[in-house]
There are 2 protein chains.
Amino acid sequence: MTELASSASAPRGRPRSERSHRAILDAANEILEEHGFVDLTMDEVAQRGGVSKATIYRWWPTKGTLVFEAFTANFLARQPTPNTGSLRGDLLGALRNWIKTVKGTVTGRTLVALIAEVQRDPDLAEIWREHFVTSVRTQHRVMIDRAVERGALSPDVDSDVVLDLVYGSAYHRLLQSHLPLTERFAQNVVDTVVAGLQMDRAGPNGNVKMT
Amino acid sequence: MTELASSASAPRGRPRSERSHRAILDAANEILEEHGFVDLTMDEVAQRGGVSKATIYRWWPTKGTLVFEAFTANFLARQPTPNTGSLRGDLLGALRNWIKTVKGTVTGRTLVALIAEVQRDPDLAEIWREHFVTSVRTQHRVMIDRAVERGALSPDVDSDVVLDLVYGSAYHRLLQSHLPLTERFAQNVVDTVVAGLQMDRAGPNGNVKMT
DNA sequence: TATTTATGGTACGATACGTATCGTATTCTT
DNA sequence: AAGAATACGATACGTATCGTACCATAAATA
């Protein structure tokens with residue numbers, strides 16, 4: 001990304017300190033665990049990482065972008081896409097993974113805080129959509145594509161709507177906190193969606209014109 | 001709330017200025033329209049409302065609570081619960097109302113900002129759940145109860161999950177902005193959910209133990 | 001009239017983001 | 001070896017904005 005012709009010519013000046021890079025991200029993750037996003041201050045990241053604040057701002061324009069990078073790799077690694085042979089099994093497995101990752105965890109609290117921050121910072125919102133939402137959804141969409149390939153699902157099904165139904169309802173409970181993310185909830189959601197999709201192969205999703 | 005025995009004894013000192021009360025809420029709504037939640041400052045509310053900042057903080061402990069009150073009545077008034085005689089018609093009508101209210105509007109931007117603020121302020125979160133989420137959901141649940149009464153839906157259906165599916169997916173698109181809130185989206189969501197619920201009267205929601 | 005409560009005006013404390021400056025360090029180029 | 005380019009740590013500062021403190025005054029009751 002930074003330099004495509006890496007072997008041809010090395011960059012001119014002093015190279016970026018990989019040690020500082022890691023120290024900053026590690027410090028950010030530490031503070032996130034201890035205090036959470038709102039009470040994480042850039043001064044503390046600098047102090048604990050043994051770096052200057054100028055160095056942080058040289059590479060991350062805002063607090064949000066820093067926390068985003070500290071968070072993302074960690075989160076994505078915990079979201080493998082299951083492959084159980086059935087749509088129901090895949091969706092339920094994926095939703096269970098997600099719940100386990102976010103429910104009552106630092107990761108979950110940081111996820112919530114980042115979604116909140118995204119609503120306040122348009123620049124971060126763009127990064128969020130392109131580097132988080134898009135990649136997660138691309139991964140998740142595989143489950144639906146496989147079901148179509150197996151012939152278990154009509155190709156006319158709108159995979160975006162399927163993902164919105166499953167994950168939208170889950171994010172809803174995470175953000176509104178009106179009800180807990182239980183195993184029963186996961187099963188009800190997946191069962192209802194899968195039933196709704198398989199009802200008619202031509203499909204409820206073809207009913208678009210029926211008002 | 002403030003004084004139950006209103007007729008028996010009037011409160012002792014100078015009464016609250018209803019003029020200032022309204023001026024503060026009006027100013028807040030004005031600024032929300034012009035600048036949005038993040039750039040709304042309490043000083044500007046005070047200045048534009050012709051009141052002192054101390055007066056604002058006497059009645060609203062935080063910026064979030066003030067904006068919440070300025071927003072809520074306005075929003076709730078725009079969310080009537082349709083009664084079309086069918087579950088599909090009701091849910092689709094309600095979802096269309098919601099989309100119309102939030103898509104590309106000041107109300108929508110303020111809703112988003114308040115949900116973000118709720119994630120940062122636990123006190124506001126409690127008010128939000130009790131005075132917004134709960135009342136909206138109570139209203140919406142009527143649509144499902146009516147379907148059960150008509151015999152169109154099993155009483156075993158978990159109405160909370162139904163609401164989470166329909167509104168969760170919609171809030172998901174509002175907050176993540178990955179895809180637009182189109183008419184087609186609304187129809188797909190409602191059709192899939194309704195189909196999933198009616199598939200088997202005993203129901204997908206009875207499948208809880210089947211893993 | 002005394003007491004109680006609310007108001008407007010304003011100054012101030014606290015916090016924290018993000019910028020600016022400076023001398024120094026590390027690397028490549030010539 | 002000298003110079004150019006870039007990164008680094010330290011630190012002070014500007015800026016914004018929330019929320020509090022204090023005052024004299026206004027409006028109501030007892």
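So that the names make sense, note that chain A is the first sequence line, chain B the second, and so on, each numbered from 1.
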Just wondering, are more than 12 heavy atoms of other shown residues or ligands nearer than 6.0 Å to CD in B:Q47? no
Roughly, in whole Å, what's the span from CZ in B:R16 to C1' in C:dT4? 17 Å
At their closest point, which heavy atom of B:S177 faces which heavy atom of B:L174, and how far apart are they? OG-O, 3.6 Å
Given the rule in the side chain to side chain contact (heavy atoms under 4.5 Å, CB included) test, do B:Y57 and B:T62 qualify, once you have shown the distances and angles that lead to the verdict? CA-CA 7 Å; B:Y57 278 104; B:T62 63; 5.8 Å; no
B:L66 CG to D:dG19 P: how many Å, rounded? 10 Å
Give the intermediate values and the outcome of side chain to side chain contact (heavy atoms under 4.5 Å, CB included) for residues B:T110 and B:F68. CA-CA 9 Å; B:T110 305; B:F68 169 81; over 6 Å; no
On a heavy-atom basis, which atom in B:A27 and which in B:V45 lie closest, and how many Å separate them? CB-O, 3.9 Å
Return the value, rounded to whole Å, for the distance between atom CD of A:Q47 and atom P of D:dC8. 19 Å
OP1 or OP2 of C:dG8 sitting under 4.0 Å from any side-chain N/O of B:S20? yes
Between B:T55 and C:dG8, is there a side-chain N or O to OP1/OP2 distance below 4.0 Å? yes
Side-chain N,O (B:W59) to OP1/OP2 (C:dT7) below 4.0 Å: yes
Rounded to whole Å, please give me the gap between CZ in B:R58 and P in C:dT7. 6 Å
I need the CD-C1' distance between A:E18 and C:dT27, as an integer number of Å. 16 Å
So which protein N/O to nucleotides 26-29 of chain D N/O distances come out below 3.5 Å?
residue: D:dA26; atom: N3; partner: B:R14; partner atom: NH1; Å: 3.1
residue: D:dT29; atom: O4'; partner: B:R12; partner atom: O; Å: 2.9

What's the CD1-P distance between B:I56 and C:dT10, to the nearest Å? 15 Å
I'd like to check A:W59 versus A:I24 (side-chain heavy atoms, cut-off strictly below 4.5 Å). Are they in contact? no
Taken to the nearest whole Å, CD1/A:I24 to P/D:dA7 is 13 Å
Those residues that, when tested against B:H35, pass ring pair (Phe, Tyr, Trp, His ring centres under 6.0 Å) (two or more places apart): none
Taking the six-membered ring for Trp, are A:H140 and A:Y167 parallel (under 30°), tilted (30 to 60°) or perpendicular (over 60°)? parallel
Between protein and nucleotides 15-20 of chain C, what N or O pairs are separated by less than 3.5 Å?
residue: C:dC17; atom: OP1; partner: A:L40; partner atom: O; Å: 3.1
residue: C:dC17; atom: OP2; partner: A:M42; partner atom: N; Å: 3.1
residue: C:dG18; atom: OP2; partner: A:Y57; partner atom: OH; Å: 3.2
residue: C:dG18; atom: OP2; partner: A:K63; partner atom: N; Å: 3.1
residue: C:dG18; atom: N7; partner: A:K53; partner atom: NZ; Å: 2.9
residue: C:dG18; atom: O6; partner: A:K53; partner atom: NZ; Å: 2.6

Any idea how A:H21 and A:W60 line up, ring-wise: parallel (<30°), tilted (30 to 60°), or perpendicular (>60°)? perpendicular
